[in-house]
Every structure is written in C-alpha cells, then in structure tokens.
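What follows is a set of notes on a single structure, which appears directly below.
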Amino acid sequence: MPRSVQILGTGQLTTLSRRLRAAGGPRLQRNAARRVRRAAEPLHRDLQRAIASQPIVSEGRKPNRKGRIPSGGPSPTVRPLRATLAGGVRISVRQGAFAGARVWMDRSRLPDDLKKMPFVIEDGRIRHPVFGNRRRWATQWVRPTGWWSRTVRAGLPRMQAEVERILADVRRDLE
C-alpha cells in the first residue's frame with residue numbers, strides 16, 4: 001500500500017508558487033493553498049469512510065475440546081478499530097519548492113499496536129492472537145481488499161481535475 005497520495009505538478013505548482021509570492025503576496029498564496037486543500041478533502045473523507053465501513057469477517061468460533069462452541073466474552077479493548085484507523089488519515093498542503101497536496105496515513109496518530117494495521121487491512125488478511133493468547137490465533141478476512149488503493153484510484157482524477165482548475169484560475173488572476 002502506498003503511504004500517501006500526492007498531487008505535485010512539480011513544474012506548474014512550483015512556478016505558480018513563485019509567481020504568487022512575487023505578484024500577490026501572502027493573500028493569493030493562502031487563497032490558492034485553501035483551494036488546493038479543498039480539492040483534496042473529498043479524497044480524505046472517502047478514505048476515512050472506506051476504512052470505517054470496511055467489512056472484517058472471521059472464520060467463526062471453533063468448538064472446544066468438549067465439542068461445544070464457547071460463548072463470547074467482552075472485548076478486552078474499548079477503542080473501536082475502524083474509527084481509530086480513520087482518525088489516522090491526514091491531509092496536508094505545502095507551498096514553495098514542493099508545492100502540492102498530500103493525503104496520507106499518519107502512523108504516529110495510531111496506537112503502537114495498530115501502526116501496521118492499515119497496511120494489513122489493505123492486504124486483506126488479519127492474523128492475531130485470540131484475546132492476547134499467543135498460543136491460540138485467529139484469522140480474519142477483509143473483503144474486498146485494497147481499501148486504500150481502490151479509494152485513491154476512484155478519487156484521484158477528481159482531485160487532479162480540481163487542482164488543474166485552480167491552477168488555471170490563479171494563472172488568470174496573475175495575468
């Protein structure tokens with residue numbers, strides 16, 4: 001899974017950033033940055049929705065030694081997995097030499113035991129110990145796989161078209 005999605009019109013955005021600095025100063029730069037951020041926000045929301053609604057299914061409970069299917073107990077954790085992962089999706093806008101928008105999974109916002117989970121879910125197979133018991137493991141499946149790549153593939157053209165429109169508008173304002 002790619003760690004981030006970036007819209008970098010390397011030449012266009014950098015040249016535009018320099019022209020903005022020379023022509024209109026901070027007001028035009030802030031306006032352009034705000035519009036680029038708005039262009040990336042739909043993809044950001046879509047990624048958060050995709051992980052929040054991602055179905056995770058298990059194999060089901062297996063019978064114990066006596067042949068009975070054991071009843072479940074309360075979860076040992078109180079934090080919701082999908083909401084925690086959705087909170088890690090971030091957006092940032094840069095100006096200057098590397099101008100552009102970036103939508104990325106900020107692993108620093110995730111708890112230590114979930115830092116790799118977005119990538120594991122992207123692959124489609126979650127293997128973990130049952131309630132922390134390292135002698136008994138469970139496998140859960142994520143179907144369909146590729147929550148990040150599918151969502152990015154669907155949202156990237158819209159984001160790129162909006163950035164192109166912003167570039168055209170700002171160029172028109174500078175002329």
Side-chain angles (χ1 to χ4, degrees), residues 1-10 13 33-65 68-163:
M1 174 177 104
R3 294 180 188 239
S4 66
V5 179
Q6 299 181 32
I7 296 294
L8 300 172
T10 47
L13 284 173
R34 185 178 65 246
R35 290 184 64 196
V36 169
R37 181 182 219 27
R38 279 196 202 135
E41 283 173 354
L43 179 60
H44 178 247
R45 276 192 309 271
D46 291 347
L47 283 166
Q48 287 180 323
R49 279 192 207 116
I51 190 63
S53 63
Q54 185 68 48
I56 300 174
V57 296
S58 69
E59 300 168 340
R61 294 180 177 254
K62 295 182 176 74
N64 59 18
R65 285 184 225 147
R68 290 186 230 137
I69 296 179
S71 60
S75 173
T77 179
V78 294
R79 78 175 173 249
L81 173 68
R82 292 178 194 92
T84 303
L85 295 177
V89 179
R90 302 268 317 263
I91 184 173
S92 62
V93 176
R94 293 185 59 171
Q95 296 175 347
F98 300 104
R102 180 178 176 208
V103 180
W104 53 294
M105 176 58 77
D106 186 0
R107 292 177 23 186
S108 69
R109 295 182 100 188
L110 301 176
D112 289 337
D113 59 334
L114 295 180
K115 292 208 184 285
K116 293 181 182 177
M117 188 58 72
F119 310 106
V120 171
I121 290 176
E122 172 78 7
D123 292 338
R125 180 175 176 245
I126 305 169
R127 185 153 167 76
H128 61 90
V130 177
F131 295 112
N133 179 358
R134 295 220 166 257
R135 288 182 287 162
R136 187 167 175 123
W137 287 74
T139 301
Q140 292 182 291
W141 300 96
V142 179
R143 298 286 185 252
T145 59
W147 70 274
W148 180 273
S149 52
R150 268 185 299 110
T151 308
V152 167
R153 220 175 301 121
L156 202 56
R158 177 180 59 196
M159 188 173 160
Q160 288 172 327
E162 183 62 27
V163 169

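Computed from a prediction, not measured in an experiment: that's the story for all the values here.
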Worksheet entry | Rounded distance (nearest 0.5 Å) linking atom OG1 of T84 with atom CD1 of I51 | 10.5 Å
Discussion item. If I compare all heavy atoms of A33 with all of V93, which pair ends up nearest, and what's the gap?
Written reply: O-CG1, 3.9 Å
Practice prompt. State, yes or no, whether a side-chain contact exists between R127 and V120 at a heavy-atom distance under 4.5 Å.
Written response: no
Worksheet item: Is it true that a side-chain atom of H44 and a backbone atom of V103 form a donor plus acceptor pair closer than 3.5 Å?
Response: no
Worksheet item: For the residue pair Q48 and A86, what are the closest heavy atoms and their distance?
Response: NE2-O, 3.1 Å
Discussion item. Does atom CZ (R134) have a neighbourhood of more than 12 heavy atoms from anything else shown, all under 6.0 Å?
Written reply: no
Worksheet item: Are the side chain of E122 and the backbone of W148 linked by a donor-acceptor contact shorter than 3.5 Å?
Response: yes
Practice prompt. Taking all non-hydrogen atoms of both residues into account, name the closest pair between R158 and P42 and its distance.
Written response: NH2-CB, 3.3 Å
Fill in: Side-chain donor/acceptor of Q54 to backbone N/O of P144, under 3.5 Å
yes
Discussion item. Within the 4.5 Å heavy-atom criterion, are Q140 and H128 side-chain neighbours or not?
Written reply: yes
Discussion item. With a 4.5 Å cut-off on side-chain heavy atoms, are I121 and W147 touching?
Written reply: yes
Worksheet, complete the sentence: Looking only at heavy atoms, the pair that brings L43 and G155 closest together is CD1-CA, 4.1 Å
Worksheet item: So do the side chains of M105 and L110 get within less than 4.5 Å of each other, counting heavy atoms only?
Response: yes
Discussion item. Whether the side chain of R150 engages the backbone of T145 through a donor-acceptor N/O pair (distance < 3.5 Å, no angle test) should be reported.
Written reply: yes
Worksheet entry | Atom pair NZ (K115) and CZ (R109), whose distance is rounded to the nearest 0.5 Å | 11.5 Å
Worksheet entry | Heavy-atom side-chain contact between I56 and R82 under 4.5 Å | yes
Item to complete: Measure the spacing between CD1 of I91 and CH2 of W104 and express it to the nearest 0.5 Å.
Response: 11.5 Å
Discussion item. Measuring from atom CZ of R45 to atom OG1 of T151, what distance do you get when rounded to the nearest 0.5 angstrom?
Written reply: 13.5 Å
Fill in: Smallest separation among heavy atoms of D106 and S108, with atom names
OD1-OG, 2.6 Å
